[in-house]
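In this text, all values refer to a predicted model and were calculated from it rather than measured experimentally.
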Amino acid sequence: GGDTGPGEAGGGGTFLPEIACTDTIASVYADPGDVSAKPKGTILKCAKDKDMTAADLTAAVKVDDAGNLAYSGPAFTSGAHVYRVLYVTERGDPKNSPGYSSALLLLPETPRLGTGKPLPVVLSAHGSRGQAAKCAPSLDDPAGAYVEEDFQHQVYPLVGLGFPVIAPDLAGYANFGGAGNPPPAYDDALDVGRSMLDGARAIRKVIPSSLTQQVVITGHSQGGYTALAALALADSYGLDGVVAAVAVYSPLWLSQRTWGAIFAAPTSYPLATSAVGPVSIWYHYTHSYLLDGPDAALELFDPAKAAAIQAFVNNDCWAASYPDLEDAGTSANDLFSTTYTQAIAYAAIPAPNGGGGQCNGSNAALCKTWIGRMTADYPHLTGGATKVPVLLAYANGDTAITPDGMQCVFNRLSGDKVDYSLCYDPNPVGHGGVVAENAGYVVDWIAHQTLPDAGAPAAGNCTMLGKNDAGVPQLITPEGGVQLCNPLISPQ
């Protein structure tokens with residue numbers, strides 16, 4: 001394993017590993033055996049991947065082969081020593097079972113303050129990728145290419161501008177399908193939050209002399225959810241450090257009851273054109289597996305569609321379309337059991353338009369189980385979490401988390417009295433473009449929050465939004481009206 005043997009060339013704030021990193025890359029994704037006796041954050045495997053020059057990093061974020069924007073921030077000042085690690089974490093199941101997460105580790109060749117001067121840990125959470133093994137962002141498998149540029153635009157500027165970064169895949173991707181290793185649970189607050197926080201413990205095992213006690217958490221889209229879930233959990237779970245700042249792009253910080261509420265409006269979320277149905281499948285399948293066991297993974301679905309669901313979860317990464325699901329139905333309602341969709345749909349919708357979380361009828365017990373889980377997966381930010389500076393970047397033209405969803409995010413964060421600032425990008429650059437266009441600003445903002453002599457960040461593409469009577473940043477509709485939170489997903 002990576003935590004035995006002498007260091008390569010590290011120590012003394014050199015930002016080089018102080019443990020042996022001589023494992024094979026393949027071993028990072030293999031069965032590590034029984035990890036139950038090992039402390040959280042223990043490095044099980046550490047493998048050298050490659051070295052990337054600043055020019056290599058720049059080339060990667062300038063590529064525009066998927067119709068995405070190219071990175072437009074400050075020129076990179078550092079290359080990266082790239083490693084892959086496997087570390088111990090804890091799963092989000094009722095037994096708090098031991099688990100493990102693979103991760104990409106990027107260490108700056110030219111640290112932001114120079115060698116010998118420690119820097120904060122930066123944790124970086126990936127957006128939606130798909131829940132199958134090959135979708136893990138550290139693999140950079142062609143199956144995940146549809147969103148790989150978003151991931152690189154988020155992570156490469158952090159290391160390219162001099163910060164050490166660990167980007168966890170999250171538990172369940174490595175040794176996918178192995179005994180006692182449930183698949184990665186989509187938006188399970190405990191499961192993803194613990195994997196992230198243990199990433200801070202893990203990088204400290206690799207370069208302890210190069211790090212301060214400060215921890216910064218970043219994330220895009222689903223990764224924004226992961227980052228905020230980790231922030232909510234930090235006080236109680238711990239992370240071997242102190243959360244100093246959180247920066248999220250277009251975070252999916254929405255009520256997880258959404259994945260049940262959509263059953264009330266199937267024509268609004270057809271499988272052929274909306275990702276909401278596939279996400280609901282990932283959410284329910286992975287939660288059932290993690291919380292109720294592998295035999296329960298398919299119990300909420302129509303038995304006649306079980307094979308299609310299984311193939312989708314095991315093989316599909318985030319994509320423009322999912323033909324296997326479209327072949328099985330027109331909406332998610334066609335794939336789930338009617339017992340479940342009828343039990344949950346009305347209850348999942350906020351009052352006064354729906355049941356507001358109250359379960360009635362013959363399947364009230366099933367409804368209560370899942371309303372409870374969905375509610376737990378949307379934790380309020382309380383205590384120390386409300387004192388951490390949070391930056392939220394959101395851009396015009398976002399068709400993944402549309403303005404009626406983002407207004408719900410603003411309402412929730414403001415209601416929790418989170419110390420957040422908003423970077424609204426008026427350019428119509430959309431869900432991925434907000435990262436490419438504002439990553440440089442975000443890195444400057446992180447430096448401003450954590451490094452004593454850092455100046456204020458450059459202006460970037462940020463515009464202030466006006467606030468409504470409740471003191472909440474207010475999006476405006478194209479017609480000039482007040483954007484309301486989507487009534488299916490208002491905060492609970």
Side-chain angles (χ1 to χ4, degrees), residues 15 51-64 68-82 104 106-115 117-125 127 148-167 210 212 214 216-220 223-224 227 244-250 389-396 421-427 429-464:
F15 294 87
D51 291 324
M52 299 180 72
T53 64
D56 294 333
L57 295 170
T58 301
V61 297
K62 291 295 186 185
V63 171
D64 192 20
N68 296 332
L69 284 180
Y71 168 78
S72 58
F76 294 162
T77 55
S78 176
H81 303 296
V82 184
L104 200 64
L106 301 104
L107 306 180
E109 180 183 38
T110 306
R112 195 172 181 97
L113 300 180
T115 55
K117 295 182 180 179
L119 290 169
V121 170
V122 181
L123 300 171
S124 195
E148 186 66 19
E149 284 184 31
D150 290 348
F151 175 72
Q152 292 173 344
H153 283 147
Q154 177 189 333
V155 174
Y156 285 2
L158 290 163
V159 70
L161 294 170
F163 283 101
V165 185
I166 184 166
S210 298
T212 69
Q214 294 176 308
V216 177
I217 310 175
T218 70
H220 170 229
V246 174
V248 289
Y249 304 90
S250 302
V390 175
L391 174 67
L392 191 161
Y394 182 68
N396 186 14
S421 55
L422 179 65
C423 171
Y424 177 69
D425 187 340
N427 296 332
V429 295
H431 194 64
V434 69
V435 187
E437 193 157 273
N438 296 285
Y441 172 81
V442 168
V443 177
D444 277 355
W445 180 86
I446 289 169
H448 178 64
Q449 299 298 327
T450 59
L451 303 180
D453 297 324
N461 294 289
C462 302
T463 296
M464 295 291 292

Subject >> Working for side chain to side chain contact (heavy atoms under 4.5 Å, CB included), residues L392 and Y424 >> reply: CA-CA 8 Å; L392 191 161; Y424 177 69; over 6 Å; no

Subject >> Close side-chain approach of L161 to R112, heavy-atom, < 4.5 Å >> reply: yes

Return all side-chain donor-acceptor pairs below 3.5 angstrom for residues 446-463, not counting sequence neighbours, or 'none' if the list is empty.
| unit_1 | atom_1 | unit_2 | atom_2 | d |
| --- | --- | --- | --- | --- |
| H448 | ND1 | G455 | O | 3.4 |
| T450 | OG1 | I446 | O | 2.8 |
| N461 | ND2 | E437 | O | 3.2 |

Original post:
Got a donor-acceptor contact below 3.5 angstrom from the S421 side chain to the L391 backbone?
Top reply: no

Original post:
Is any side-chain heavy atom of L106 closer than 4.5 Å to a side-chain heavy atom of Y156?
Top reply: yes

Original post:
Can you list the steps and then say if V165 with V159 is a side chain to side chain contact (heavy atoms under 4.5 Å, CB included)?
Top reply: CA-CA 6 Å; V165 185; V159 70; 4.2 Å; yes

**OP:** Nearest 0.5 Å please: distance from the CG atom of D444 over to the CG atom of N438.
**Re:** 11.5 Å

**OP:** Just say parallel, tilted or perpendicular for the rings of Y249 and H220, cut-offs at 30° and 60°.
**Re:** perpendicular

Subject >> Results of ring pair (Phe, Tyr, Trp, His ring centres under 6.0 Å) for Y394 - residues two or more places apart only >> reply: none

Subject >> CE on M52 to OG1 on T58, rounded to 0.5 Å >> reply: 9.0 Å

Original post:
Where do V155 and A167 come nearest, in terms of heavy atoms and distance?
Top reply: CG2-CB, 4.4 Å

**OP:** Return the set of residues passing ring pair (Phe, Tyr, Trp, His ring centres under 6.0 Å) with F76 (not counting sequence neighbours), or none when no residue passes.
**Re:** Y71

Subject >> Which atom of P164 lies closest to which atom of P120, heavy atoms considered >> reply: CG-O, 3.4 Å

Original post:
Do you know the tightest heavy-atom contact between G160 and L57?
Top reply: CA-CD1, 3.9 Å

**OP:** Determine whether Q154 and S124 make a side-chain contact, defined as any pair of heavy atoms from C-beta on separated by less than 4.5 Å.
**Re:** yes

**OP:** Any chance you could measure I166, atom CD1, to L158, atom CG, to the nearest 0.5 Å?
**Re:** 13.0 Å

Original post:
Any sub-3.5 Å donor-acceptor pair from S78's side-chain atoms to G162's backbone N or O?
Top reply: no

**OP:** Can you tell me which residue pairs pass the salt bridge (Lys or Arg N to Asp or Glu O under 4.0 Å) test with a partner in residues 151-161, sequence neighbours excluded?
**Re:** none

Original post:
What pair of heavy atoms forms the shortest contact from Q152 to A60, and how long is it?
Top reply: OE1-O, 3.8 Å

Original post:
Which heavy atom in A244 sits nearest to a heavy atom in P389, and how many Å separate them?
Top reply: O-CD, 3.4 Å

Subject >> Qualifying residues under salt bridge (Lys or Arg N to Asp or Glu O under 4.0 Å), relative to D51, sequence neighbours excluded >> reply: K48

**OP:** Could you check if a side-chain atom of C423 sits within less than 4.5 angstrom of a side-chain atom of W445, using non-hydrogen atoms only?
**Re:** no

**OP:** Can you see which heavy atom on G440 is nearest to which on P74, and at what distance?
**Re:** CA-CD, 3.6 Å

**OP:** Report the C-alpha separation of F163 and T218 in whole Å, then their side-chain angles, then the decisive distance to 0.1 Å, and conclude whether the side chain to side chain contact (heavy atoms under 4.5 Å, CB included) test is met.
**Re:** CA-CA 12 Å; F163 283 101; T218 70; over 6 Å; no

**OP:** With sequence neighbours left out, write down each residue that passes salt bridge (Lys or Arg N to Asp or Glu O under 4.0 Å) with E148, or none if nothing qualifies.
**Re:** R129

**OP:** Taking the side chain as every heavy atom from C-beta outward, state whether D425 and Y441 have any atom pair closer than 4.5 Å.
**Re:** no

